[in-house]
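I have placed the structure first, in the form of structure tokens, so that the comments after it can refer back to it.
Because the structure is predicted, anything quoted here is derived from the model rather than measured. Convention: sequence-line order gives letters A, B, ...; per-chain numbering from 1.
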Protein chains: 2
Amino acid sequence: MSRVLNNTCAVAEDKRLRVEKAASALGYVPNPNARSLLMKSTGGMGMLLPHVSGEFFSEFLTGADNVAKDNDFFLLISASHGKASEWRSSVQSVYRRVDGLIVMAPQVTPKRLNLSQDIPTVFVNTPVPERDRSGVDVIGFDNAGGTRQAVEYLLNLGHRRFCYVAGPEGAFDAAERAKGFREALDSAGIRDGVILAGGYNHEDGALAARKILEMDPRPTAVLAANDYCALGLLTELQGAGVDVPGEVSIIGFDNVPSAAFSAPGLTTLGVPIREIGEKAIERLLHRIRRPDDPVRLSVELPVNLVVRDTTAPVLRQQ
Amino acid sequence: MSRVLNNTCAVAEDKRLRVEKAASALGYVPNPNARSLLMKSTGGMGMLLPHVSGEFFSEFLTGADNVAKDNDFFLLISASHGKASEWRSSVQSVYRRVDGLIVMAPQVTPKRLNLSQDIPTVFVNTPVPERDRSGVDVIGFDNAGGTRQAVEYLLNLGHRRFCYVAGPEGAFDAAERAKGFREALDSAGIRDGVILAGGYNHEDGALAARKILEMDPRPTAVLAANDYCALGLLTELQGAGVDVPGEVSIIGFDNVPSAAFSAPGLTTLGVPIREIGEKAIERLLHRIRRPDDPVRLSVELPVNLVVRDTTAPVLRQQ
DNA sequence: CTGAAAGCGCTTACAG
DNA sequence: CTGAAAGCGCTTACAG
């Protein structure tokens, strides 16, 4: 019976038919647990994410799910919420249930990253320390370079008074983006760039906007740690009667779908989120299928400025 | 060894310690497949969704993941993309891997809904035919009533020329929302309400906006099938120089997080998405833990109008 | 309190 | 081409 259902070796035609008929009549589906126990493979991949809210993750998941489904893999998703304690239990809970792991953990400190080496793992947007890279694939994108690019663009538009609304504390990607901001200003010889506490949600941007409204002189260019933050900022500023981009230019980060549909459209740094989801799964698939391929991936994807309508030249500089 | 790790019966203290020490030294984690094979339970729940993109799903997943994690259940997620063919394979692929199923399938035709009755299932926002309801929990929300409410609100503001931008073809929730629109206009004796083809994404709203711009006379009130559609509509209309809400009022559906941060803020129908995710998992948990409880849930959650700034009274009626 | 055995549902050599 | 057996890693009665 196993032989006909799995098409694993020659079976007499009449028996094959009888088995097939019986199977479909009973609605027989092989128990995947029994199968994995024997075959040492589960047909699943685990995704360990800091959380699952917002368009960044839904895009990432969409890309991942598409490729996984095409290859008949299921996705086991676990949000660690960034806490190191939950992190460990998340890893453990998926351990033998999947054939490989996608890990996105921007908030986990490198030394805590003690995964068992015996399961293929691809890290996405995670700070993987050099000594842990040997057995592992790493996909990142150029966080610092992105912000640097945005600052340079604004400098060319004549901006000189900059403000940066930072991402959440402890997230490595947020830190890199802030670093890019500082570096770019430094090279331009600008010493009074302001960095404000922020976060990755609309509310964080709105809060920062209040502070910006009180600043005197006000910055003419504001960069935000991500798009949601930029969008919250934009709305709050507009609500206070500020003209964007007339008085203030704004640039976000990620190029989330909503960014194209704000009014005005948000200028932002484009990260190919969905493609990253696809690539991560494709890579993991390869690792699972060819466990002895010694090659490891370590890429940093470029980030590209997407110019829309929240940015404009500074005409008169006070 | 099994006895000490599972704390299943009394064991001599010295042996217990020796086992525990060895287990942690080796980093031993029991194989969940072997365990489920025997125990007939997996510690997982499956989520069958039409897709995973956008804030509606990310909110739903966030609610679900929170409760699942708190109860040490893992989530197996599968997006069927609405196609009936993929639907069947999705159901089958999770079949024995999880202890219960959350199913959201607004696009699946009722007759196709042939789930095996032997796994606890809670349906969310899915048209479950009466005869299939016996073994199953159903959580819905008042799609038609929501739109009706919105139309009545606009009528009170003096609007008489209405337009509805519909959701995707074949989705029952979209159909219900459109029905609410028609019903409300009928009761008000308004016969010239326009229904435009649309969808659940920004782009669909933007496309519909083009058509609205060509209409003469133009509607003063536009309802959209969901928030993304409304937001796309809003932006496109604004881009064409239309004053919202000065010339046109807009109402969305869902009250997705972004809706509060458009400019102007989107008036919409509030669906407690995250709470629905939590409730669905809680209910499934109950079903899994008490398999012989004969009670079945069948609720329709209310939808509440959230008034923000895309709606205003009609001052002069042509 | 604790060995040894049976069995969960499958697949895969092993003999015919 | 096809039975019958072994074994994947666990848990749980069953005897002591």
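Only the P atoms considered, D:dC8 is 22 Å distant from D:dA4, to the nearest whole Å. On the P atoms, D:dC10 is 23 Å away from D:dC14, given to the nearest whole Å.
When rounded to the nearest whole Å, the span between CG of A:Asn31 and P of D:dG9 equals 16 Å. Nucleotide C:dC8 holds its C1' atom 12 Å from the CE atom of B:Met39, rounded to whole Å. Here the C1' atom of nucleotide D:dC1 and the NZ atom of A:Lys15 are 9 Å apart, to the nearest Å. Distance, A:Leu38 CG to C:dT11 P: 8 Å, rounded to whole Å. Following rounding to the nearest Å, A:Asn33 (CG) and C:dC10 (P) show an atom-to-atom distance of 10 Å. Protein atom CG of B:Asn7 is 12 Å distant from nucleotide atom P of C:dC1, rounded to whole Å. Rounded to whole Å, atom P of C:dC1 lies 17 Å from atom CZ of B:Arg18. With rounding to whole Å, A:Arg3 atom CZ is found 8 Å from D:dT2 atom P.
Nearest heavy-atom pair, A:Phe253 versus A:Asp142, reported as atom, atom and distance to 0.1 Å: CZ-O, 4.5 Å.
Under a cut-off of 6.0 angstrom, the local environment of CD in A:Glu169 is sparse, with at most 12 non-hydrogen atoms contributed by other residues, nucleotides or ligands.
Using a 4.0 Å cut-off, some side-chain N or O of A:Tyr28 falls inside it from OP1 or OP2 of C:dC10. Between A:Lys40 and the phosphate of D:dG9, there is a side-chain N or O to OP1/OP2 separation shorter than 4.0 Å. Using a 4.0 Å cut-off, some side-chain N or O of B:Arg35 falls inside it from OP1 or OP2 of D:dT11.
For B:Ala10 and B:Leu37, each mapped to the nucleotide of DNA chain C holding its nearest heavy atom, the one lying further toward the 5' end belongs to B:Ala10.
Closest to the B:Ala12 side chain, of the nucleotides C:dC1, D:dT12, D:dC10, is C:dC1. If you check C:dC10, D:dC14, D:dT2 against the side chain of A:Pro30, the one that comes closest is C:dC10.
Using a 4.0 Å heavy-atom cutoff across all strands shown, B:Asn6 reaches sugar-phosphate atoms only and no base atom.
If you run side-chain contact (heavy atoms from CB on, under 4.5 Å) between B:Asn71 and each of B:Met45, B:Arg289, B:Glu282, only B:Arg289 comes through.
At least one test fails for A:Arg274 against the ring of A:Phe60: distance under 6.0 Å to the centre or angle within 45° of the axis.
Counting atom types as modelled, B:Arg96 pairs no side-chain N or O with a base atom of C:dG9 as donor and acceptor under 3.5 Å.
Of the nucleotides present, D:dG16 is the one that pairs with C:dC1 by Watson-Crick or G-U wobble criteria, both distances under 3.5 Å.
Using bins of under 30°, 30° to 60° and over 60° for the plane-to-plane angle, the ring pair B:His51/B:Phe57 lands in the perpendicular bin.
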